[in-house]
Amino acid sequence: MTKDVRVRFAPSPTGPLHIGGVRTALFNYLFAKKYNGTFVLRIEDTDQTRYIEGAEDYIVKSLDWCNIPFDEGPNKHEKFGPYRQSERKHLYKQYADELIEKGRAYYAFDTAETLDFHRKDHEAKGKTFIYNWHNRLKLSNSLSLSEDEVNAKLNAGDEYVIRFKSPQDDTLHLKDIIRGDIKIDTNILDDKVLFKSDGMPTYHLANIVDDHLMEITHVIRGEEWLPSLALHYQLYDAFGWEAPEFAHLPLILKPTGKGKLSKRDGDKLGFPVFPLEWEDPKTGDISRGYKEDGYFPEAMVNFLAFLGWNPGTEQEIFNLEELVNAFDLERVNKAGARFDPDKIKWFNHHYMQEQDNHDLAVSFQKSRTELEEIDLQFIEMVIALIKERATFVSDFWDLSHFFFVAPDAYDEKAFKKAIKDDTADVLTKVKELVNDVEDFTVEHIQNAVKGWITSNDIGFGKVMMPLRLALVGALQGPDVFDIIYMIGKAETLKRIDNLIVNS
């Protein structure tokens with residue numbers, strides 16, 4: 001790279017950050033860090049009618065939780081601030097005026113009613129109304145009106161918008177890092193509004209001006225912005241500015257592979273589509289978040305990295321540093337990436353094994369009132385025995401409750417399978433063996449019980465199944481001798497006695 005890499009993530013604060021937005025932020029972050037560049041957060045809030053209180057704070061917290069914080073942005077290293085477009089609105093009018101002076105844009109005075117009439121008239125004829133070269137001279141704008149008429153309207157305070165003047169009979173040659181060379185016939189382009197009648201720029205103008213002023217070198221954004229690429233290239237050309245390089249990421253598809261994963265799909269499909277829980281300030285409705293559902297940020301980042309990108313190897317587990325080193329926009333796919341909720345669980349299970357047992361114990365203890373008085377070190381030891389079978393902290397209780405509470409009932413199927421006519425006699429002997437172990441360690445307990453089984457040529461299942469049932473209440477859980485050691489001699493004998501009574 002000859003220039004210092006500068007990329008930006010530019011969400012609108014219109015609600016919670018969708019998982020697709022997190023993926024876009026992640027790819028920008030990875031690209032910036034790979035080339036020792038700068039990751040910028042810019043809040044694109046020009047549409048104040050859709051602004052949602054708390055959305056910007058949610059975006060920042062989401063990036064922080066994913067461990068992909070921005071380098072520059074609102075209230076942080078404001079080298080090119082401000083970073084909220086609503087605070088930059090004084091900048092944009094001069095650039096719109098510059099385009100008018102250059103003949104690349106024009107005033108349009110058409111009323112909403114007039115435009116609506118034309119749209120409906122075209123629809124009735126089976127056509128689509130496009131405001132561009134083929135009809136702009138028939139409409140009310142500074143191209144069709146005389147200079148005096150235009151000035152009269154401006155002086156009278158008539159409402160207007162500023163539209164870009166798309167060229168006629170030309171072919172645009174565009175470049176995209178992911179999609180390669182793209183050709184566009186300018187005759188199919190409409191004259192997009194750049195500046196609205198309310199005095200605010202549209203996304204297109206503000207986006208280009210800000211990217212230029214903030215010295216953005218690469219624009220990495222979602223596929224939904226691909227139709228805007230032609231206009232954005234033309235705007236750079238109109239201003240005489242060097243365009244950044246563009247890369248349009250593939251869509252994230254529903255688990256079926258059909259259709260884009262939307263913000264509404266989470267509730268319908270039974271999994272979160274937002275990084276953090278979100279409470280709608282208007283309705284009070286709460287949408288699930290991956291953090292609150294028990295996912296680790298490392299799992300989410302690793303999972304999202306593979307939505308549209310692959311390293312070209314069989315490796316699937318990447319920490320953030322490894323992702324930075326391996327990431328390459330050239331290896332991002334064009335085709336949409338199917339969202340697989342089972343795959344992110346697979347990643348979460350992996351990262352569960354890498355979590356510190358103390359941290360997990362703290363989280364587990366906070367989640368269950370039954371554990372409030374339990375020694376944290378004991379909980380850590382329990383977690384070490386069960387976490388290989390856990391995907392979430394919320395799984396811990398089902399996997400370990402018998403370490404903390406004696407079973408008050410026995411699984412019916414397990415009971416029928418484990419209990420035989422002589423089970424009471426067998427358990428009475430096991431009880432004696434356990435009671436006689438002086439140095440109460442896992443090894444000595446195991447040697448005593450297994451030694452007796454072997455020397456008496458007894459089937460292991462005949463002893464171990466009822467013993468497990470006595471301790472757990474079901475035929476599940478970690479090694480029986482680990483359980484005996486953990487709950488202690490007295491509790492073990494008590495539980496064996498209880499099964500003998502009930503067998």
Side-chain angles (χ1 to χ4, degrees), residues 44-51 82 84-125 127-170 172 184-213 227-228 230-241:
E44 302 205 335
D45 57 349
T46 53
D47 189 349
Q48 290 291 298
T49 61
R50 297 178 62 221
Y51 176 81
R84 297 181 189 91
Q85 285 188 335
S86 60
E87 297 172 5
R88 300 170 63 84
K89 59 184 179 182
H90 61 284
L91 295 170
Y92 306 116
K93 182 63 165 63
Q94 61 180 305
Y95 291 99
D97 290 341
E98 180 182 333
L99 292 177
I100 289 176
E101 291 171 12
K102 289 181 172 181
R104 301 296 296 271
Y106 59 92
Y107 297 108
F109 301 98
D110 314 277
T111 64
E113 292 75 18
T114 299
L115 295 176
D116 190 52
F117 168 80
H118 285 296
R119 288 191 191 95
K120 289 179 178 176
D121 181 57
H122 276 66
E123 285 175 10
K125 297 173 182 175
K127 300 178 181 178
T128 301
F129 173 69
I130 301 177
Y131 199 130
N132 67 1
W133 61 272
H134 85 282
N135 60 15
R136 58 192 172 210
L137 293 181
K138 302 173 186 176
L139 296 164
S140 181
N141 54 61
S142 57
L143 300 178
S144 62
L145 301 173
S146 69
E147 187 176 346
D148 288 342
E149 288 175 309
V150 171
N151 288 332
K153 284 182 173 292
L154 293 175
N155 291 332
D158 286 8
E159 283 196 352
Y160 66 85
V161 298
I162 297 177
R163 289 182 178 272
F164 185 75
K165 185 181 177 184
S166 296
Q168 182 181 351
D169 299 329
D170 196 5
L172 298 178
I184 300 290
D185 177 3
T186 60
N187 288 336
I188 67 171
L189 301 176
D190 56 339
D191 291 358
K192 291 286 188 188
V193 175
L194 301 179
F195 205 80
K196 297 178 288 186
S197 58
D198 63 2
M200 289 292 282
T202 62
Y203 166 84
H204 301 292
L205 178 64
N207 175 277
I208 296 305
V209 170
D210 287 344
D211 281 349
H212 173 70
L213 295 179
S228 303
L231 173 60
H232 295 175
Y233 256 105
Q234 290 180 95
L235 284 170
Y236 276 102
D237 178 69
F239 284 120
W241 298 337

Check: [Y] and [X] side chains under 4.5 Å, non-hydrogen atoms:
{"X": "L145", "Y": "F109", "result": "yes"}
{"X": "L99", "Y": "L235", "result": "yes"}
{"X": "F164", "Y": "T202", "result": "no"}
{"X": "L189", "Y": "Q234", "result": "yes"}

Is there a donor-acceptor pair under 3.5 Å between the side chain of N155 and the backbone N or O of N151? yes
Does T186 reach the main-chain N or O of P167 with its side chain, forming a donor-acceptor pair under 3.5 Å? yes
Among residues at least two apart in sequence or on other chains, which ones pass ring pair (Phe, Tyr, Trp, His ring centres under 6.0 Å) with Y160? Y107
Taking salt bridge (charged side-chain N to carboxylate O under 4.0 Å, His left out) as the cut-off, I'd like each qualifying pair that reaches into residues 138-155, sequence neighbours left out, listed once. K153-D158
K89 atom NZ, over 12 foreign heavy atoms within 6.0 Å: no
Between atom [atom1] of [X] and atom [atom2] of [Y], what is the distance when rounded to the nearest 0.5 Å?
{"X": "L172", "Y": "D170", "atom1": "CG", "atom2": "CG", "answer": "6.0 Å"}
{"X": "F195", "Y": "I100", "atom1": "CZ", "atom2": "CD1", "answer": "9.5 Å"}
{"X": "D116", "Y": "K120", "atom1": "CG", "atom2": "NZ", "answer": "4.0 Å"}
{"X": "L91", "Y": "D210", "atom1": "CG", "atom2": "CG", "answer": "7.0 Å"}
{"X": "D169", "Y": "N187", "atom1": "CG", "atom2": "CG", "answer": "4.5 Å"}
{"X": "L194", "Y": "I208", "atom1": "CG", "atom2": "CD1", "answer": "10.0 Å"}

Could you pull out all residues at least two apart from [X] that satisfy side chain to side chain donor-acceptor pair (under 3.5 Å)?
{"X": "K93", "value": "D97"}
{"X": "H90", "value": "none"}
{"X": "S86", "value": "D45"}
{"X": "D185", "value": "none"}

In terms of heavy-atom contacts, A206 and Q85 come closest through CB-NE2, 3.5 Å
side-chain contact (heavy atoms from CB on, under 4.5 Å) involving [X] - partner list, sequence neighbours excluded:
{"X": "K102", "result": "E98, R104"}
{"X": "P82", "result": "E87, R88"}
{"X": "D190", "result": "I130, K192"}
{"X": "L115", "result": "D110, R119, F129, Y131, R163"}

Which word best sums up how the rings of W241 and H212 line up, parallel for under 30°, tilted for 30 to 60°, or perpendicular for over 60°? parallel
Looking at residues at least two apart in the chain, or sitting in another chain, which of them share a salt bridge (charged side-chain N to carboxylate O under 4.0 Å, His left out) with D191? R136
Name all residues meeting the salt bridge (charged side-chain N to carboxylate O under 4.0 Å, His left out) criterion together with D198; count only those two or more places apart in sequence or in a different chain, and write none if there are none. none
